[in-house]
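Just below is one structure, and these are the notes that go with it.
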Number of protein chains: 2
Amino acid sequence: MRLSEGVEWASHCVVVLAGLPEGMTLPAGRLAELHGVPGPYLAKALQALARAGIVRSSSGRYGGYQLARPASDITMLDVVEAVEGGDELFRCTEIRKQMPIRRPSDTFPPVCAIAAVMHRAEAAWRAELAATTVADVVGNLLTQLPPDAGDRLMTWLSPTSG
Amino acid sequence: MRLSEGVEWASHCVVVLAGLPEGMTLPAGRLAELHGVPGPYLAKALQALARAGIVRSSSGRYGGYQLARPASDITMLDVVEAVEGGDELFRCTEIRKQMPIRRPSDTFPPVCAIAAVMHRAEAAWRAELAATTVADVVGNLLTQLPPDAGDRLMTWLSPTSG
DNA sequence: GTCACTGTACTCGGATAAAAGTTGTCCGAGTATGCCTGG
DNA sequence: CCAGGCATACTCGGACAACTTTTATCCGAGTACAGTGAC
(Lines give C-alpha, C1' and ligand atoms only; values in the text may rest on other atoms or scores of the structure.)
Protein backbone atom coordinates (compact mmCIF):
# COMPACT_ATOMS: atom_id res chain seq x y z
CA MET A 1 0.00 0.00 0.00
CA ARG A 2 1.25 3.41 -0.83
CA LEU A 3 -0.19 6.83 -1.57
CA SER A 4 -0.51 7.71 -5.24
CA GLU A 5 2.19 9.72 -6.89
CA GLY A 6 -0.38 12.44 -7.48
CA VAL A 7 -0.22 13.34 -3.81
CA GLU A 8 3.45 14.17 -4.06
CA TRP A 9 3.04 16.11 -7.25
CA ALA A 10 0.03 18.03 -5.99
CA SER A 11 1.87 18.93 -2.80
CA HIS A 12 4.83 20.31 -4.69
CA CYS A 13 2.54 22.25 -7.01
CA VAL A 14 0.64 23.79 -4.12
CA VAL A 15 3.91 24.83 -2.51
CA VAL A 16 5.07 26.46 -5.75
CA LEU A 17 1.75 28.21 -6.20
CA ALA A 18 2.03 29.50 -2.65
CA GLY A 19 5.32 31.16 -3.60
CA LEU A 20 3.87 33.08 -6.52
CA PRO A 21 2.96 36.77 -6.32
CA GLU A 22 -0.66 37.52 -5.53
CA GLY A 23 -2.93 37.08 -8.56
CA MET A 24 -0.37 35.29 -10.73
CA THR A 25 -1.52 32.09 -12.40
CA LEU A 26 0.46 29.14 -13.67
CA PRO A 27 -0.78 26.67 -16.30
CA ALA A 28 -0.66 22.93 -15.66
CA GLY A 29 1.80 22.35 -18.47
CA ARG A 30 4.28 24.74 -16.93
CA LEU A 31 3.96 23.08 -13.53
CA ALA A 32 4.57 19.70 -15.11
CA GLU A 33 7.60 20.98 -16.95
CA LEU A 34 8.94 22.52 -13.77
CA HIS A 35 8.70 19.25 -11.88
CA GLY A 36 9.59 16.92 -14.72
CA VAL A 37 6.38 14.90 -14.54
CA PRO A 38 3.89 13.87 -17.26
CA GLY A 39 1.77 16.90 -17.92
CA PRO A 40 -1.59 15.44 -18.86
CA TYR A 41 -1.65 13.34 -15.74
CA LEU A 42 -0.61 16.12 -13.43
CA ALA A 43 -3.67 17.94 -14.75
CA LYS A 44 -5.77 15.22 -13.19
CA ALA A 45 -4.38 15.96 -9.75
CA LEU A 46 -4.79 19.68 -10.24
CA GLN A 47 -8.40 19.17 -11.24
CA ALA A 48 -8.91 17.30 -7.99
CA LEU A 49 -7.41 20.24 -6.11
CA ALA A 50 -9.75 22.57 -7.96
CA ARG A 51 -12.79 20.45 -7.12
CA ALA A 52 -11.77 20.55 -3.47
CA GLY A 53 -11.58 24.34 -3.55
CA ILE A 54 -7.86 24.44 -2.82
CA VAL A 55 -6.85 26.01 -6.12
CA ARG A 56 -8.78 28.17 -8.53
CA SER A 57 -8.49 27.71 -12.27
CA SER A 58 -8.80 30.37 -14.92
CA SER A 59 -9.39 29.43 -18.52
CA GLY A 60 -8.28 31.16 -21.64
CA ARG A 61 -5.05 32.72 -22.66
CA TYR A 62 -2.71 33.49 -19.77
CA GLY A 63 -4.95 31.36 -17.63
CA GLY A 64 -3.82 28.72 -15.17
CA TYR A 65 -3.98 27.82 -11.53
CA GLN A 66 -3.60 29.83 -8.36
CA LEU A 67 -4.37 29.16 -4.72
CA ALA A 68 -8.00 29.70 -3.84
CA ARG A 69 -7.22 30.80 -0.29
CA PRO A 70 -4.18 31.80 1.80
CA ALA A 71 -1.52 29.13 2.18
CA SER A 72 -1.94 29.36 5.93
CA ASP A 73 -5.53 28.12 5.51
CA ILE A 74 -4.56 25.03 3.52
CA THR A 75 -3.43 22.01 5.50
CA MET A 76 -1.49 19.11 4.10
CA LEU A 77 -4.49 16.95 4.99
CA ASP A 78 -6.60 19.05 2.65
CA VAL A 79 -4.19 18.33 -0.18
CA VAL A 80 -3.93 14.62 0.54
CA GLU A 81 -7.69 14.14 0.82
CA ALA A 82 -8.34 16.18 -2.30
CA VAL A 83 -6.16 13.94 -4.44
CA GLU A 84 -6.48 10.65 -2.66
CA GLY A 85 -10.14 10.91 -1.66
CA GLY A 86 -11.42 11.14 1.86
CA ASP A 87 -11.82 7.39 2.25
CA GLU A 88 -10.28 5.80 5.30
CA LEU A 89 -7.13 3.73 4.95
CA PHE A 90 -8.63 0.77 6.78
CA ARG A 91 -12.13 -0.17 5.78
CA CYS A 92 -13.77 -2.65 8.14
CA THR A 93 -15.84 -5.22 6.28
CA GLU A 94 -17.40 -6.43 9.50
CA ILE A 95 -16.32 -9.99 9.06
CA ARG A 96 -16.96 -10.51 12.77
CA LYS A 97 -20.66 -10.52 11.95
CA GLN A 98 -20.27 -13.45 9.58
CA MET A 99 -18.86 -15.82 12.15
CA PRO A 100 -20.90 -19.02 12.41
CA ILE A 101 -20.76 -18.85 16.19
CA ARG A 102 -22.88 -15.76 16.09
CA ARG A 103 -26.40 -15.87 17.48
CA PRO A 104 -29.24 -13.62 16.39
CA SER A 105 -29.66 -12.43 19.95
CA ASP A 106 -26.07 -11.22 20.13
CA THR A 107 -25.68 -7.48 20.32
CA PHE A 108 -22.43 -6.41 18.74
CA PRO A 109 -20.46 -3.45 19.99
CA PRO A 110 -20.83 -0.52 17.59
CA VAL A 111 -17.29 -0.79 16.29
CA CYS A 112 -15.11 -3.81 15.79
CA ALA A 113 -12.25 -3.79 18.29
CA ILE A 114 -9.74 -4.15 15.48
CA ALA A 115 -11.30 -1.38 13.45
CA ALA A 116 -11.16 0.82 16.53
CA VAL A 117 -7.39 0.45 16.74
CA MET A 118 -6.95 1.10 13.06
CA HIS A 119 -9.15 4.16 13.16
CA ARG A 120 -7.30 5.54 16.16
CA ALA A 121 -4.01 5.21 14.31
CA GLU A 122 -5.52 6.77 11.24
CA ALA A 123 -6.81 9.68 13.28
CA ALA A 124 -3.29 10.30 14.56
CA TRP A 125 -2.05 10.34 10.97
CA ARG A 126 -4.72 12.80 9.91
CA ALA A 127 -4.14 14.99 12.95
CA GLU A 128 -0.47 15.34 12.12
CA LEU A 129 -1.26 16.24 8.51
CA ALA A 130 -3.92 18.70 9.61
CA ALA A 131 -1.50 20.39 11.98
CA THR A 132 0.80 21.40 9.15
CA THR A 133 -0.24 24.08 6.69
CA VAL A 134 1.19 24.78 3.28
CA ALA A 135 2.49 28.04 4.71
CA ASP A 136 4.47 26.04 7.28
CA VAL A 137 6.09 24.01 4.53
CA VAL A 138 6.95 27.12 2.55
CA GLY A 139 8.42 28.74 5.64
CA ASN A 140 10.46 25.65 6.29
CA LEU A 141 11.74 25.64 2.74
CA LEU A 142 12.80 29.28 2.88
CA THR A 143 15.23 28.49 5.65
CA GLN A 144 16.77 25.65 3.68
CA LEU A 145 16.97 26.78 0.08
CA PRO A 146 19.57 29.15 -1.34
CA PRO A 147 18.51 32.80 -0.91
CA ASP A 148 18.17 33.33 -4.66
CA ALA A 149 15.97 30.30 -5.26
CA GLY A 150 12.86 32.45 -5.47
CA ASP A 151 14.44 34.77 -8.02
CA ARG A 152 15.59 31.85 -10.10
CA LEU A 153 12.08 30.43 -10.07
CA MET A 154 10.54 33.70 -11.19
CA THR A 155 13.12 34.05 -13.95
CA TRP A 156 12.39 30.59 -15.21
CA LEU A 157 8.65 31.24 -15.10
CA SER A 158 8.92 34.42 -17.17
CA PRO A 159 7.45 33.75 -20.63
CA THR A 160 10.70 34.41 -22.44
CA SER A 161 12.43 31.60 -20.60
CA GLY A 162 11.87 27.88 -20.48
CA MET B 1 -5.53 4.32 -1.23
CA ARG B 2 -6.55 1.72 1.24
CA LEU B 3 -4.96 -1.12 3.14
CA SER B 4 -5.44 -4.56 1.66
CA GLU B 5 -8.16 -6.80 2.96
CA GLY B 6 -5.49 -9.20 4.12
CA VAL B 7 -4.65 -6.85 6.97
CA GLU B 8 -8.14 -7.11 8.36
CA TRP B 9 -8.25 -10.88 7.96
CA ALA B 10 -4.83 -11.40 9.47
CA SER B 11 -5.71 -9.23 12.44
CA HIS B 12 -8.85 -11.22 13.18
CA CYS B 13 -6.95 -14.47 12.79
CA VAL B 14 -4.24 -13.36 15.20
CA VAL B 15 -6.87 -12.36 17.74
CA VAL B 16 -8.56 -15.74 17.44
CA LEU B 17 -5.25 -17.56 17.74
CA ALA B 18 -4.50 -15.53 20.85
CA GLY B 19 -7.67 -16.90 22.41
CA LEU B 20 -6.76 -20.54 21.89
CA PRO B 21 -5.38 -22.75 24.67
CA GLU B 22 -1.61 -23.01 24.84
CA GLY B 23 -0.21 -25.36 22.20
CA MET B 24 -3.40 -25.67 20.18
CA THR B 25 -3.10 -25.16 16.43
CA LEU B 26 -5.69 -24.13 13.87
CA PRO B 27 -5.43 -24.80 10.14
CA ALA B 28 -5.84 -22.04 7.60
CA GLY B 29 -8.96 -23.61 6.15
CA ARG B 30 -10.71 -23.54 9.49
CA LEU B 31 -9.77 -19.92 10.08
CA ALA B 32 -11.16 -19.03 6.67
CA GLU B 33 -14.38 -20.90 7.37
CA LEU B 34 -14.70 -19.18 10.71
CA HIS B 35 -14.44 -15.73 9.17
CA GLY B 36 -16.25 -16.43 5.94
CA VAL B 37 -13.38 -15.44 3.68
CA PRO B 38 -11.76 -17.24 0.72
CA GLY B 39 -9.51 -19.89 2.21
CA PRO B 40 -6.68 -20.11 -0.31
CA TYR B 41 -6.15 -16.38 -0.21
CA LEU B 42 -6.24 -16.15 3.56
CA ALA B 43 -3.37 -18.62 3.48
CA LYS B 44 -1.36 -15.98 1.70
CA ALA B 45 -1.76 -13.58 4.59
CA LEU B 46 -1.01 -16.29 7.13
CA GLN B 47 2.17 -17.16 5.27
CA ALA B 48 3.20 -13.55 5.55
CA LEU B 49 2.58 -13.69 9.29
CA ALA B 50 4.70 -16.83 9.49
CA ARG B 51 7.55 -15.23 7.55
CA ALA B 52 7.46 -12.31 9.98
CA GLY B 53 7.73 -14.66 12.93
CA ILE B 54 4.34 -13.73 14.36
CA VAL B 55 2.77 -17.14 13.95
CA ARG B 56 4.34 -20.58 13.78
CA SER B 57 3.10 -23.18 11.34
CA SER B 58 3.09 -26.94 11.84
CA SER B 59 2.71 -29.22 8.87
CA GLY B 60 1.12 -32.61 8.68
CA ARG B 61 -2.09 -33.96 10.05
CA TYR B 62 -3.57 -31.94 12.90
CA GLY B 63 -1.13 -29.22 11.99
CA GLY B 64 -1.97 -25.56 11.61
CA TYR B 65 -1.07 -22.15 12.98
CA GLN B 66 -0.40 -20.87 16.47
CA LEU B 67 1.12 -17.70 17.84
CA ALA B 68 4.90 -17.74 17.88
CA ARG B 69 5.13 -15.54 20.96
CA PRO B 70 2.83 -14.17 23.67
CA ALA B 71 0.02 -11.93 22.46
CA SER B 72 1.36 -9.18 24.67
CA ASP B 73 4.55 -9.18 22.59
CA ILE B 74 2.75 -8.74 19.26
CA THR B 75 1.77 -5.22 18.31
CA MET B 76 -0.79 -4.31 15.70
CA LEU B 77 2.03 -2.65 13.79
CA ASP B 78 3.76 -6.02 13.57
CA VAL B 79 0.67 -7.51 11.98
CA VAL B 80 0.12 -4.65 9.55
CA GLU B 81 3.73 -4.58 8.42
CA ALA B 82 3.88 -8.35 8.06
CA VAL B 83 0.97 -8.41 5.62
CA GLU B 84 1.31 -5.04 3.97
CA GLY B 85 5.08 -4.86 3.85
CA GLY B 86 7.20 -2.40 5.75
CA ASP B 87 7.24 0.15 2.94
CA GLU B 88 6.28 3.67 3.80
CA LEU B 89 2.91 5.04 2.75
CA PHE B 90 4.46 8.07 1.13
CA ARG B 91 7.46 7.44 -1.05
CA CYS B 92 9.34 10.59 -2.02
CA THR B 93 10.58 10.42 -5.59
CA GLU B 94 12.75 13.51 -5.08
CA ILE B 95 11.18 15.45 -7.87
CA ARG B 96 12.64 18.57 -6.30
CA LYS B 97 15.99 17.49 -7.67
CA GLN B 98 14.70 17.47 -11.23
CA MET B 99 13.69 21.10 -11.29
CA PRO B 100 15.32 22.99 -14.16
CA ILE B 101 16.16 25.88 -11.84
CA ARG B 102 18.54 23.65 -9.96
CA ARG B 103 22.24 24.38 -10.09
CA PRO B 104 24.98 21.78 -9.62
CA SER B 105 26.38 23.82 -6.77
CA ASP B 106 23.11 23.65 -4.85
CA THR B 107 23.22 21.58 -1.72
CA PHE B 108 19.83 20.10 -0.99
CA PRO B 109 18.58 19.51 2.53
CA PRO B 110 18.72 15.80 3.36
CA VAL B 111 14.95 15.39 3.24
CA CYS B 112 12.37 17.08 1.11
CA ALA B 113 10.24 19.40 3.24
CA ILE B 114 7.10 17.75 1.95
CA ALA B 115 8.42 14.26 2.61
CA ALA B 116 9.30 15.36 6.12
CA VAL B 117 5.68 16.21 6.87
CA MET B 118 4.43 12.99 5.37
CA HIS B 119 6.92 10.93 7.30
CA ARG B 120 6.04 12.67 10.54
CA ALA B 121 2.38 11.83 10.03
CA GLU B 122 3.27 8.29 9.12
CA ALA B 123 5.37 7.97 12.27
CA ALA B 124 2.36 9.02 14.34
CA TRP B 125 0.31 6.33 12.62
CA ARG B 126 2.91 3.68 13.30
CA ALA B 127 3.37 4.80 16.90
CA GLU B 128 -0.32 4.38 17.58
CA LEU B 129 -0.33 0.91 16.05
CA ALA B 130 2.82 -0.05 17.95
CA ALA B 131 1.26 1.07 21.22
CA THR B 132 -1.51 -1.50 20.95
CA THR B 133 -0.75 -5.17 21.38
CA VAL B 134 -2.87 -8.10 20.34
CA ALA B 135 -3.38 -8.82 24.03
CA ASP B 136 -4.90 -5.36 24.41
CA VAL B 137 -7.37 -6.08 21.65
CA VAL B 138 -8.29 -9.43 23.16
CA GLY B 139 -8.76 -7.83 26.57
CA ASN B 140 -10.95 -5.19 25.02
CA LEU B 141 -13.04 -7.82 23.27
CA LEU B 142 -13.58 -9.81 26.46
CA THR B 143 -15.34 -6.86 28.02
CA GLN B 144 -17.65 -6.50 25.03
CA LEU B 145 -18.57 -9.99 23.90
CA PRO B 146 -21.13 -12.25 25.59
CA PRO B 147 -19.55 -14.26 28.42
CA ASP B 148 -20.05 -17.57 26.62
CA ALA B 149 -18.46 -16.45 23.38
CA GLY B 150 -15.25 -18.29 24.22
CA ASP B 151 -17.10 -21.51 24.93
CA ARG B 152 -19.06 -21.23 21.72
CA LEU B 153 -15.85 -20.73 19.77
CA MET B 154 -14.22 -23.81 21.33
CA THR B 155 -17.33 -25.88 20.64
CA TRP B 156 -17.36 -24.82 17.03
CA LEU B 157 -13.67 -25.57 16.72
CA SER B 158 -14.02 -29.08 18.10
CA PRO B 159 -13.48 -31.57 15.26
CA THR B 160 -17.01 -33.00 15.51
CA SER B 161 -18.55 -29.65 14.75
CA GLY B 162 -18.33 -27.45 11.73
C1' DG C 1 -9.17 58.62 -30.98
C1' DT C 2 -12.51 55.36 -29.04
C1' DC C 3 -15.49 51.49 -28.99
C1' DA C 4 -17.43 47.11 -30.53
C1' DC C 5 -16.61 43.00 -32.95
C1' DT C 6 -14.29 39.00 -34.60
C1' DG C 7 -10.59 35.73 -34.93
C1' DT C 8 -7.14 33.24 -32.64
C1' DA C 9 -4.43 30.88 -29.52
C1' DC C 10 -4.36 29.22 -25.29
C1' DT C 11 -6.42 27.15 -21.18
C1' DC C 12 -9.08 23.62 -18.48
C1' DG C 13 -12.14 19.49 -18.15
C1' DG C 14 -13.73 15.01 -18.81
C1' DA C 15 -13.75 10.67 -21.49
C1' DT C 16 -10.66 7.04 -23.11
C1' DA C 17 -6.48 3.28 -23.23
C1' DA C 18 -2.20 0.93 -20.97
C1' DA C 19 0.25 -0.71 -16.76
C1' DA C 20 0.65 -2.14 -12.16
C1' DG C 21 -0.96 -4.02 -7.94
C1' DT C 22 -4.18 -6.53 -5.52
C1' DT C 23 -7.34 -10.39 -5.15
C1' DG C 24 -8.41 -15.08 -5.92
C1' DT C 25 -7.16 -20.00 -7.15
C1' DC C 26 -4.68 -24.05 -7.94
C1' DC C 27 -1.49 -27.95 -7.41
C1' DG C 28 2.92 -30.01 -5.58
C1' DA C 29 6.27 -30.98 -1.47
C1' DG C 30 6.48 -32.33 3.17
C1' DT C 31 5.00 -34.32 7.68
C1' DA C 32 2.76 -36.30 11.76
C1' DT C 33 -0.66 -39.71 12.49
C1' DG C 34 -2.86 -44.22 12.55
C1' DC C 35 -2.85 -48.85 10.90
C1' DC C 36 -0.77 -53.11 9.70
C1' DT C 37 2.57 -56.60 10.04
C1' DG C 38 6.04 -59.21 12.17
C1' DG C 39 8.42 -60.67 16.24
C1' DC D 1 1.51 -57.99 23.85
C1' DC D 2 4.92 -54.73 21.80
C1' DA D 3 7.90 -52.49 18.31
C1' DG D 4 8.95 -51.16 13.65
C1' DG D 5 7.59 -50.01 8.99
C1' DC D 6 4.30 -48.26 5.72
C1' DA D 7 0.43 -46.17 3.60
C1' DT D 8 -2.53 -42.30 4.23
C1' DA D 9 -4.65 -38.04 4.78
C1' DC D 10 -3.86 -33.80 6.04
C1' DT D 11 -1.08 -29.62 6.33
C1' DC D 12 1.67 -25.63 4.48
C1' DG D 13 4.17 -23.27 0.70
C1' DG D 14 4.93 -21.17 -3.57
C1' DA D 15 3.63 -20.67 -8.56
C1' DC D 16 -0.20 -19.29 -11.74
C1' DA D 17 -4.69 -16.38 -13.67
C1' DA D 18 -8.61 -12.60 -13.22
C1' DC D 19 -9.99 -8.33 -11.64
C1' DT D 20 -9.75 -3.62 -9.66
C1' DT D 21 -7.13 0.43 -8.98
C1' DT D 22 -3.75 3.43 -10.48
C1' DT D 23 -1.14 5.67 -14.16
C1' DA D 24 -0.86 7.83 -18.59
C1' DT D 25 -2.82 10.07 -22.75
C1' DC D 26 -5.76 12.29 -25.89
C1' DC D 27 -9.19 15.46 -27.87
C1' DG D 28 -13.17 18.70 -27.45
C1' DA D 29 -15.56 22.86 -25.05
C1' DG D 30 -14.82 27.26 -23.25
C1' DT D 31 -12.48 31.79 -22.41
C1' DA D 32 -9.65 35.89 -22.35
C1' DC D 33 -6.62 38.51 -25.13
C1' DA D 34 -5.16 40.98 -29.52
C1' DG D 35 -6.00 42.80 -33.77
C1' DT D 36 -9.30 44.90 -37.02
C1' DG D 37 -12.72 47.77 -38.65
C1' DA D 38 -16.46 51.14 -38.05
C1' DC D 39 -17.99 55.34 -35.93
Side-chain angles (χ1 to χ4, degrees), chain A residues 1-10 13 17 23-33 35-66 68 80 82-85 87 89-91 93 95 157 159 162, chain B residues 1-10 13 17 23-33 35-66 68 80 82-85 87 89-91 93 95 157 159 162:
Chain A
M1 174 207 55
R2 68 175 198 277
L3 279 77
S4 67
E5 298 256 283
V7 170
E8 184 181 7
W9 301 348
C13 287
L17 290 177
M24 179 174 174
T25 64
L26 207 55
R30 218 77 211 286
L31 280 167
E33 197 180 351
H35 292 108
V37 299
Y41 182 50
L42 177 63
K44 207 179 182 64
L46 289 171
Q47 286 168 26
L49 290 176
R51 272 192 297 270
I54 295 174
V55 301
R56 179 172 299 281
S57 64
S58 0
S59 296
R61 200 172 187 178
Y62 299 106
Y65 290 97
Q66 58 184 315
V80 171
V83 178
E84 198 67 38
D87 298 343
L89 281 66
F90 178 87
R91 178 164 42 169
T93 60
I95 67 177
L157 289 180
Chain B
M1 175 207 55
R2 70 175 197 278
L3 278 78
S4 67
E5 298 255 284
V7 171
E8 183 181 9
W9 301 350
C13 287
L17 290 177
M24 179 174 175
T25 63
L26 207 53
R30 219 77 212 287
L31 280 167
E33 197 180 351
H35 292 108
V37 300
Y41 182 50
L42 177 63
K44 208 178 182 68
L46 290 171
Q47 287 169 26
L49 290 176
R51 272 193 295 270
I54 295 174
V55 301
R56 178 173 298 281
S57 64
S58 358
S59 296
R61 202 171 186 179
Y62 298 106
Y65 290 97
Q66 59 183 314
V80 170
V83 178
E84 198 66 40
D87 298 343
L89 281 67
F90 179 87
R91 180 164 40 171
T93 59
I95 66 177
L157 290 179

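Computation of the quantities below employed the complete heavy-atom set of this structure, encompassing side-chain atoms and omitting hydrogens, waters and symmetry-equivalent molecules. Lettering of chains follows the sequences in order, A, B, ..., and the numbering in each one begins at 1.
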For residues 40-61 of chain A, tabulate all N or O donor-acceptor pairs below 3.5 Å that involve a side-chain atom, not counting sequence neighbours.
unit_1  : atom_1 : unit_2  : atom_2 : d
A:Ser58 : OG     : A:Gly64 : O      : 3.3

Show every donor-acceptor pair shorter than 3.5 Å between a side-chain atom in residues 1-8 of chain A and any protein atom, with sequence neighbours excluded, or say none if there are none.
unit_1 : atom_1 : unit_2  : atom_2 : d
A:Ser4 : OG     : A:Glu84 : OE1    : 3.0
A:Glu8 : OE1    : B:Thr93 : N      : 3.3
A:Glu8 : OE1    : B:Thr93 : OG1    : 2.9
A:Glu8 : OE2    : B:Thr93 : N      : 2.9
A:Glu8 : OE2    : B:Thr93 : OG1    : 3.1

Identify the pairs formed between an N or O of the protein and an N or O of nucleotides 7-11 of chain C at a distance under 3.5 Å, and give each distance.
unit_1 : atom_1 : unit_2  : atom_2 : d
C:dT11 : O4'    : A:Gly60 : O      : 3.1

Name the pairs: protein N/O against N/O of nucleotides 19-25 of chain D, kept only if under 3.5 Å.
unit_1 : atom_1 : unit_2  : atom_2 : d
D:dT22 : OP1    : B:Met1  : N      : 3.1
D:dT23 : OP1    : A:Glu5  : N      : 3.3
D:dT23 : OP2    : A:Tyr41 : OH     : 3.4

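Closest of all the heavy-atom pairs between A:Ile95 and B:Trp9 is CD1-CD1, 4.0 Å. The two residues B:Tyr65 and B:Leu17 make their nearest non-hydrogen contact at O-CD2, 3.6 Å. B:Gly39 approaches B:Ala32 most closely through the heavy-atom pair CA-CB, 3.3 Å.
As rounded to whole Å, 17 Å separates atom C1' of D:dA32 from atom CZ of A:Arg56. Atom CD of B:Gln66 and atom P of C:dA32 are 13 Å apart (whole Å). A straight line from CG of A:Leu49 to P of C:dC12 spans 13 Å, rounded to a whole angstrom.
Dashed line: the shortest gap from a side-chain N or O of B:Arg51 to OP1 or OP2 of D:dG14 is under 4.0 Å. A sub-4.0 Å separation between OP1 or OP2 of C:dG14 and a side-chain N or O of A:Gln47 is present.
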